[in-house]
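Before any comments, here is the structure.
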Amino acid sequence: MLELRLPTRDGGLETYRLQGQPLHIEKRPPARSRVAYAAAHVVADPWQDVDPSSACAVDWEATIAYRRHLWSLGLAVAEAMDTAQRGMGLNWEACQELIRLSIAEAEACGGQVACGAGTDHISAGPGVTLADIERAYLEQCGFIEGLGGRVILMASRALAKVAQGPEDYVRVYGRVLDEVSQPVIVHWLGDMFDPALENYWGHKDPLRAMDVCLDVIHRHADKIDGIKISLLNANLEIQMRRQLPENVRMYTGDDFHYPELILGQGGSYSHALLGIFDAIAPAASAALYALDAGDVEGYQRILAPTVPLSRHIFRAPTRFYKTGVVFLSYLNGYQSHFRMVGGMESMRSVPHLAELFRLADVAGLLRDPELAVHRMQQVLAVAGVESWTVSI
């Protein structure tokens with residue numbers, strides 16, 4: 001048994017004894033009962049000399065290797081989304097390379113992938129019109145579909161700034177959906193994930209915003225595979241789910257309430273498109289297989305300890321959850337360093353990372369505890385925290 005000294009939130013140190021049993025990582029085909037996407041992170045390349053405030057350097061080999069890991073567990077990959085630091089260090093130029101490589105690798109290994117299309121290659125400065133935003137959306141959709149990929153239609157910062165009311169959202173989404181060649185997943189991202197998306201769909205009130213989104217969905221149901229909402233509001237998701245056309249899926253993006261939303265009730269449930277599934281992939285895979293087998297108790301038992309971890313990773317400011325996702329990847333040996341595009345590794349405190357370590361251990365998500373302890377100590381040492389390991 002391993003012990004190490006970890007920082008506490010009050011500025012002290014405590015001895016922590018590891019207690020979790022690492023989950024068995026088993027290769028599986030996709031689950032049958034639910035569609036489950038993991039929004040995947042990118043691995044930065046720390047050896048390139050770039051200014052992280054204006055340029056990004058990605059380790060493409062390690063980044064694609066992590067997608068192979070997710071596919072091997074039966075999860076689909078949601079590519080070039082906010083988990084990949086889209087709009088927080090990863091620009092459209094890098095996204096194009098990421099999408100190209102991911103689609104090619106998915107085809108090679110039989111994985112499923114859908115890719116984010118937005119408007120982030122244009123700014124929302126003076127003179128930008130709704131027509132400009134429509135063209136930007138269509139350019140990115142065309143790039144993805146031209147590679148044989150499926151589209152996730154991301155929320156647009158430019159549209160949020162330019163739109164004068166709900167009718168502008170109806171116009172832009174209608175034009176884009178008319179032009180795509182196959183059904184897309186629409187992504188409604190809340191302002192807790194991106195403050196620039198406040199009042200999306202033309203309303204501050206989420207219920208009124210939901211009505212606008214539902215209007216778009218019903219008008220274009222034949223071009224929509226599903227809607228992913230990331231609002232951290234389970235009741236709103238359930239309410240919206242009940243009002244969707246029969247052929248349109250609800251993909252939960254609720255990283256606080258995902259176990260109950262995926263399980264559902266009375267035959268109504270959500271599928272998954274979650275950033276936390278990147279971090280808890282072995283647990284997500286095992287739980288979905290338990291659900292396939294009708295083992296609801298097993299499903300709940302596997303996911304229950306992941307919820308405190310997820311709520312910690314996604315705590316406010318929620319948009320910095322990517323730091324926790326990458327940190328857990330580092331602890332588990334899926335990348336050789338704890339560096340991020342845009343220098344985002346600094347956006348969570350050392351006590352926050354220490355608590356993440358504890359919660360990941362309890363959830364059985366430290367696949368090699370000795371490696372995780374060693375890497376946790378390296379991070380603590382850089383922060384000037386004296387720690388040591390005791391084997392019992």
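Atom set for the values below is all heavy atoms of this structure, side chains included, hydrogens, waters and symmetry mates excluded. Note that the coordinates shown come from a computational prediction; the quantities given were computed from them, not determined experimentally.
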[atom2] on [Y] to [atom1] on [X], rounded to 0.5 Å:
| X | Y | atom1 | atom2 | result |
| --- | --- | --- | --- | --- |
| Gln140 | Asp120 | CD | CG | 5.0 Å |
| Arg67 | Ile64 | CZ | CD1 | 5.5 Å |
| Asp278 | Leu328 | CG | CG | 8.5 Å |

Without swapping roles, check the side chain of [X] against the backbone of [Y] for a donor-acceptor pair under 3.5 Å.
| X | Y | value |
| --- | --- | --- |
| Ser72 | His69 | yes |
| Lys228 | Thr252 | no |
| Arg249 | Ile227 | no |
| His187 | Met154 | no |

_Row check, Phe357 ring normal vs Arg375 NZ/CZ: under 6.0 Å, within 45°_ =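 Verdict for Phe357: no cation-pi partner in Arg375.
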*Checking Arg348 against Phe327: charged group under 6.0 Å from the ring centre and within 45 degrees of the axis?*
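Cation-pi check for Arg348 and Phe327: fails.
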_If you apply the rule side chain to side chain donor-acceptor pair (under 3.5 Å), what do you find for Asp292 with Ser33, and how did you get there?_
CA-CA 6 Å; Asp292 276 0; Ser33 58; 2.5 Å; yes
*Is it true that atom CD of Glu93 has more than 12 heavy atoms of other residues, nucleotides or ligands lying nearer than 6.0 Å?*
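Count not over threshold, so no.
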*Please report the shortest heavy-atom distance between Ala290 and Gly298, naming the atom on each side.*
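Nearest pair, atom of Ala290 first, then Gly298: CB-C, 4.1 Å.
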*asked:* For Ala160 versus Tyr200, what's the shortest heavy-atom pair and its separation?
replied: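 Heavy atoms only, the tightest pair is CB-CD1, 4.0 Å.
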Salt bridge [X]-[Y], side-chain N to carboxylate O under 4.0 Å:
| X | Y | result |
| --- | --- | --- |
| Glu14 | Arg358 | yes |
| Glu145 | Arg150 | no |
| Lys223 | Asp178 | no |
| Glu198 | Lys204 | yes |
| Asp211 | Arg208 | no |

*Assess the side chains of His41 and Gln85: does a donor N or O sit below 3.5 Å from an acceptor N or O?*
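Note: His41 and Gln85 side chains miss the donor-acceptor criterion.
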*Cut-off 3.5 Å, side chains only: do His337 and Glu345 have a donor facing an acceptor?*
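Side chains of His337 and Glu345: no pair found under 3.5 Å.
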*Phe314 and His312: aromatic ring centres closer than 6.0 Å?*
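For Phe314 and His312, the ring centres are not under 6.0 Å apart.
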*Determine whether the aromatic ring centres of Tyr173 and His220 lie less than 6.0 Å apart.*
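Aromatic pair excluded; centres sit 6.0 Å or further apart.
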*Glu3 vs Thr15, side chain to side chain donor-acceptor pair (under 3.5 Å): CA-CA, chis, key distance, verdict*: CA-CA 7 Å; Glu3 290 183 352; Thr15 299; 5.4 Å; no
*asked:* Over 60° means perpendicular and under 30° means parallel, so tell me whether Tyr169 and Trp201 are parallel, tilted or perpendicular.
replied: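 It falls in the tilted class, 30° to 60°.
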*Applying side chain to side chain donor-acceptor pair (under 3.5 Å), run through Arg241 and Ser268 and close with a yes or a no.*
CA-CA 8 Å; Arg241 192 170 70 195; Ser268 175; 3.0 Å; yes
